[in-house]
Amino acid sequence: MKTSDLIKKFPEEKDLVTHSRPYFNHSIEFKNIFTPRERADMLDIAGLNMFFFPSEMITGCDLLSDSGTTSMTNEQWAALHLRDEAYGSNRGYFLVMKQIIETFGEEFFNDPNSGRPNAFIFHQGRPAEDALFTMVGRLGSGLIIPGNGHFDTTQANIKRNNMQAVNLFSPELMDESSGYHFKGDMDLIKFKSLLERSHNKIPLSYLTITNNTGGGQPVSMENIRDVSNVSNHYDIPLFFDACRFAENAWFIQQHEPGYGNKDIKTIVKEMFSYVDGFTISFKKDGLVNMGGGLFLKDNGLFMKKYPDIPDAIMGHQIDKEGHPTYGGLSGRDIMTLAVGLKIATKEEYLTYRINQVKDFGENLKNHGLPVMAPIGGHAVYLDMNKFFADTAIKPEDFGGVAFTAVLLAAYGHRTIELGNFSFGSYDKKTKKEILPEFNFVRFAIPRLRYEKKDLDSVAEAVKILYENRDKIPPVNVTYGRDLPMRHFKARFEFRKYSI
Ligand SMILES: Cc1ncc(COP(=O)(O)O)c(C=O)c1O
């Protein structure tokens, strides 16, 4: 009997409940062991600010960010050694050029000798945003940049250049009864009405895929197409903040009618066919620890409308980062990016990655925790208003900050508050807090780094904190309450609290 006939008598592999990962460990790193007491003392020294806590003391999972925290593959480590650290036109630059063309389309990377520069490498996402908005900000006064939910650095770069960042979150975003899969969409009705009123004040529109500020939710192809049509109708270019483009494409493939049979690469190409440019931090779906870029579509609306800007961007890039052929990155960083971008659209990688995030979120949900649903591609968001709803914690007590500090000190897991403190601000005149639309703690899952057991241990710790939520005290802000981007800088202490 042939073995292939024999195995037909057994349940099929695909029908098994558990599957092994589509990769295995290449090398591992042992953690240092620190006691809860040692972590707690250190946290007091760091003023309960997650960013100032030494990562080497994290004995659990570090879910502070999925940005730049990827475990690289063996191919990336090998590519790193093949680096060329030349001052101009290093080997990796040409490989990245080839890969950008392959992933996003040839119109996003012109031959450097063509005289039409349109591809700008930066060391992160935010200097790319800085370059774009510095140039766009010079186009006039009172300008507005509408988006589906600007990331904090994007918003800061828009404001720094005297423009207004307007967030048009989808009305579905906080609607729990909605089973809609694309809650990251732009609110099309509000977008149309804004453009009707103020189109002459809008130099470009911006879609963040996936919507990190809006619960990490994906944006549908239909919304991308509609936003592009409306924008272009008013002669306004559309840009992506494309950090998590591959994860967004996976959601389109899984949940949007008409895309189930299309592969990720085809979906990505279609997504980018609707935009005139994009900024990107490669530290997410580029699967690298450092890198970013700004890419303009050749003959796209942006390049046609603002023909002087590409050259001005190149000047800015040279002043701030270096020659366009390395743009603030070492040759070895560029080599790892050329390989990382290729892996990012692999179907088996994306399926495993996004399901890992989903399984972790469902685990929390099964423990009764108020998790934002559906679960997004890179992180799980816990609604702190609901978490503390039946306790004495008020919005200005920054319960989310307190929660992250107790979780780290007691159980060794690092997360981040993205809510009343991070996205709120302090009005010095009224001496009152201005609260944002959402109040989350985010558990961002680094790519290719943790196993199920790691995330199970986080879920158990969070469950225990939920059961003991009335023991989590408010925090006082001891420094930085009125600073811009205050969550990166502020310090806190626990308030004396009796229950
Ligand atoms: C949606 C989004 N845009 C922009 C950025 C900025 O990228 P970078 O951290 O590389 O400057 C981030 C970083 O987390 C992000 O999530």
Side-chain angles (χ1 to χ4, degrees), residues 50-51 62-70 120-134 145-160 165 167-169 173 183-186 204-219 224 239-249 251 271 275 277-295 317 320-321 327-329 333-334 336-337 340-341 344 357 376-381 414-419 422-423 438 440 442-447 485 487-488:
M50 295 296 113
F51 293 98
D62 191 355
L63 309 183
L64 179 65
S65 179
D66 65 318
S67 178
T69 52
T70 299
F120 310 93
I121 299 169
F122 287 91
H123 78 272
Q124 279 196 238
R126 65 199 74 185
E129 294 164 359
D130 167 44
L132 176 66
F133 291 119
T134 300
I145 310 286
N148 57 334
H150 294 293
F151 185 64
D152 54 10
T153 61
T154 320
Q155 186 143 329
N157 276 304
I158 292 170
K159 279 191 189 162
R160 186 186 289 280
N167 288 326
L168 304 174
F169 291 109
L173 189 54
K183 293 184 174 180
D185 283 359
M186 173 109 88
L204 59 89
S205 321
Y206 216 62
L207 271 179
T208 302
I209 54 169
T210 55
N211 194 339
N212 190 6
T213 308
Q217 299 289 308
V219 179
I224 296 172
F239 272 62
F240 277 148
D241 174 345
C243 298
R244 299 175 180 86
F245 72 94
E247 291 171 4
N248 200 95
F251 281 105
M271 285 159 59
V275 293
F278 63 99
T279 54
I280 187 163
S281 164
F282 289 124
K283 296 168 72 174
K284 287 81 172 174
D285 278 354
L287 297 179
V288 288
N289 305 128
M290 197 48 75
L294 162 58
F295 300 89
Q317 184 192 32
K320 302 258 179 172
E321 297 271 284
L329 288 176
D333 288 326
I334 297 180
T336 60
L337 173 58
L341 260 185
V357 177
H378 71 290
V380 172
Y381 292 68
R414 177 158 68 171
T415 57
I416 182 71
E417 192 260 14
L418 289 181
S422 298
F423 291 136
F438 316 115
F440 293 125
R442 185 189 71 180
F443 300 74
I445 315 295
R447 293 168 182 78
M485 301 290 265
H487 54 301
F488 290 112

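Order of appearance sets the numbers: ligands from 1, and atoms from 1 within every ligand. Along the sequence shown, the residues carry numbers beginning at 1. These numbers come from the heavy atoms of this one structure, side chains and all, not from hydrogens, waters or symmetry mates.
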**OP:** Start with the C-alpha distance between Arg244 and Asp66, add both sets of side-chain angles, then the distance that settles salt bridge (Lys or Arg N to Asp or Glu O under 4.0 Å), and finish with yes or no.
**Re:** CA-CA 10 Å; Arg244 299 175 180 86; Asp66 65 318; 2.9 Å; yes

Original post:
Can you tell which part of Lys283 has a heavy atom less than 4.0 Å from ligand 1: side chain, backbone, both or neither?
Top reply: side chain

**OP:** Please verify whether a non-hydrogen atom of Cys243 lies at under 4.0 Å from ligand 1.
**Re:** yes

**OP:** Check ligand 1 against Glu129 and write out every atom of the ligand that is under 4.0 Å from a heavy-atom position of the residue.
**Re:** 3 (N), 4 (C)

Subject >> Identity and separation of the nearest protein heavy atom to atom 10 (O) of ligand 1 >> reply: Ser281 OG, 2.7 Å

**OP:** For Thr153 and Glu129, run side-chain hydrogen bond (donor to acceptor under 3.5 Å, both in side chains): C-alpha distance rounded to whole Å, both residues' side-chain angles, the deciding distance at 0.1 Å, then the answer.
**Re:** CA-CA 8 Å; Thr153 61; Glu129 294 164 359; 2.9 Å; yes

Subject >> Heteroatom proximity flag, Asn212 to ligand 1, N/O under 3.5 Å >> reply: yes

Original post:
Is the distance between the ring centroids of Tyr381 and Phe440 less than 6.0 Å?
Top reply: yes

Original post:
Counting from 1, what ligand 1 atoms have a heavy atom of Thr208 closer than 4.0 Å?
Top reply: 1 (C)

**OP:** Establish, yes or no, whether a centroid distance under 6.0 Å links the rings of Phe295 and Phe239.
**Re:** no

**OP:** Check whether any side-chain heavy atom of Ile445 lies under 4.5 Å from a side-chain heavy atom of Leu63, and answer yes or no.
**Re:** yes

Original post:
By side-chain contact (heavy atoms from CB on, under 4.5 Å), which residues pair with Asp152, not counting sequence neighbours?
Top reply: Phe423, Met485, His487, Phe488

Original post:
Does Gly125 reach ligand 1 with a nitrogen or oxygen that is under 3.5 Å from one of the ligand's nitrogen or oxygen atoms?
Top reply: yes

Subject >> Shortest protein contact, atom 9 (O) of ligand 1 (heavy atom only) >> reply: Arg126 NH2, 2.7 Å

Subject >> Nearest neighbour in protein (non-hydrogen) for atom 14 (O) of ligand 1 >> reply: Lys284 NZ, 2.8 Å

**OP:** If you have a sec, work out which protein heavy atom is nearest atom 6 (C) of ligand 1 and how many Å separate them, to one decimal?
**Re:** Thr153 OG1, 3.6 Å

Original post:
Quick one: nearest non-hydrogen protein atom to atom 1 (C) of ligand 1, plus distance?
Top reply: Asp241 OD2, 3.4 Å

**OP:** Give a yes or no on whether the ring-centroid distance for Phe169 and Phe438 is below 6.0 angstrom.
**Re:** yes

**OP:** Report the nearest protein non-hydrogen atom to atom 8 (P) of ligand 1: residue, atom name, distance rounded to 0.1 Å.
**Re:** Gln124 NE2, 3.2 Å

**OP:** Quick one: closest heavy-atom pair of Asn212 and His378, and the distance?
**Re:** OD1-NE2, 3.1 Å

